[in-house]
J.: 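Dropping a structure here in structure tokens format, bear with me for questions.
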Amino acid sequence: MSFAEPRDTVLITGASTGIGATYADRLAQRGHPLILVARNQDRLQALAQRLTREYGVKTEVMMADLTQSQDRLRVERRLGDDHTIGWLLNSAGMAVGTAIAEASPDTAESMIQLNIVAPTRLIGAMLPRLLARGRGSIINIASVLALAPELFDGAYGASKSYLLNYTLALHKEAGHRGIRVQAVLPGITRTEIWQHTGGTPETIPPSTIMEVDEMVDAALAGYDQGEVVTIPSLPDNEDWNRYVAARQRLMPSLSRDHAADRYKSDIPEDA
Ligand SMILES: NC(=O)c1ccc[n+]([C@@H]2O[C@H](COP(=O)([O-])OP(=O)(O)OC[C@H]3O[C@@H](n4cnc5c(N)ncnc54)[C@H](OP(=O)(O)O)[C@@H]3O)[C@@H](O)[C@H]2O)c1
């Protein structure tokens, strides 16, 4: 499947560096005008100028701290009002790898604001407009930790589980109404995010680290193939299909009028 609306403007959060900036490069190459959102204005402007110079696309910079409601509201209004924007790519995110017992509640809350509240509010601001016109694309950068929260300390994995489940719910509600939805689940990807969490990829086996260009190119190939969930490093997609099938097998038993027998066996008959 090719990109249906190559001229739609894409709003990218977390576009100043890393995964978001790499998407910006690839989407500009495909001819999309871009709105680049993050806090670091100098970096955003340098990227915007390069992309316009190299690919001839229109680019705009929007400085916003997406943990702050006033800044977020500006982006929400833009997504709700600007009819040229047909795509939203939620890449802005932070990873706090501190154990739950030791994590600062304020830092945990900031992570939830950025990883959960911001994509939820931005999608909510844009979706009614996309549904009205019957087309659009929403890409959410989650993480493989959505499936394996045990591999990292703290609440980060849980924040990415939210984004994965939110994407699946969105696909159920809007997928048949012309809205393309994709959750991307990167493994460890070489970006600056590791500098912010105190660990660096150098401390991790090199065979588990992907270069950001390869990750984004694979994720876009997954989008082009119509995937709703893309795990760039997964060699055999049948493994994912089996995981989904195992989840589906639970469905008929998840809500019943009686508790399972194993929870009743110890109750004395005269209790
Ligand atoms: N790298 C990995 O190993 C990996 C693996 C799985 C998933 N992910 C996910 O991929 C996404 C992108 O991560 P990355 O690796 O590209 O990280 P990164 O290199 O640290 O980039 C993060 C981006 O988010 C922006 N950002 C951070 N805080 C922000 C805030 N408060 N408001 C607005 N923008 C903010 C940053 O720009 P400013 O500082 O200019 O605001 C930057 O553009 C994240 O959601 C991350 O959780 C990454």
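In each ligand, atom 1 is the first atom listed, and ligand 1 is the first ligand listed.
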J.: Answer with yes or no after comparing the ring centroid distance for Trp87 and Tyr23 against a 6.0 Å cut-off, counting only values under it.
T.: no

J.: I'd like to check Tyr55 versus Leu34 (side-chain heavy atoms, cut-off strictly below 4.5 Å). Are they in contact?
T.: no

J.: Under a 4.0 Å heavy-atom cut-off, what residues line ligand 1?
T.: Gly14, Ala15, Ser16, Thr17, Gly18, Ile19, Ala38, Arg39, Asn40, Ala64, Asp65, Leu66, Thr67, Ser91, Ala92, Gly93, Leu114, Ile141, Ala142, Ser143, Tyr156, Lys160, Pro186, Gly187, Ile188, Thr189, Thr191, Glu192, Ile193, Trp194, His196

J.: What pairs of donor and acceptor atoms, side-chain ones from residues 141-152 against any protein atom, are under 3.5 angstrom apart with sequence neighbours left out?
T.:
| unit_1 | atom_1 | unit_2 | atom_2 | d |
| --- | --- | --- | --- | --- |
| Ser143 | OG | Leu145 | N | 2.9 |

J.: Indicate yes or no: does Asp71 engage Arg39 in a salt bridge with an N to O separation below 4.0 Å.
T.: no

J.: What's the separation between atom CG in Asn115 and atom CG in Asn90, rounded to the nearest 0.5 Å?
T.: 10.5 Å

J.: Does Arg177 CZ have over 12 foreign heavy atoms under 6.0 Å away?
T.: no

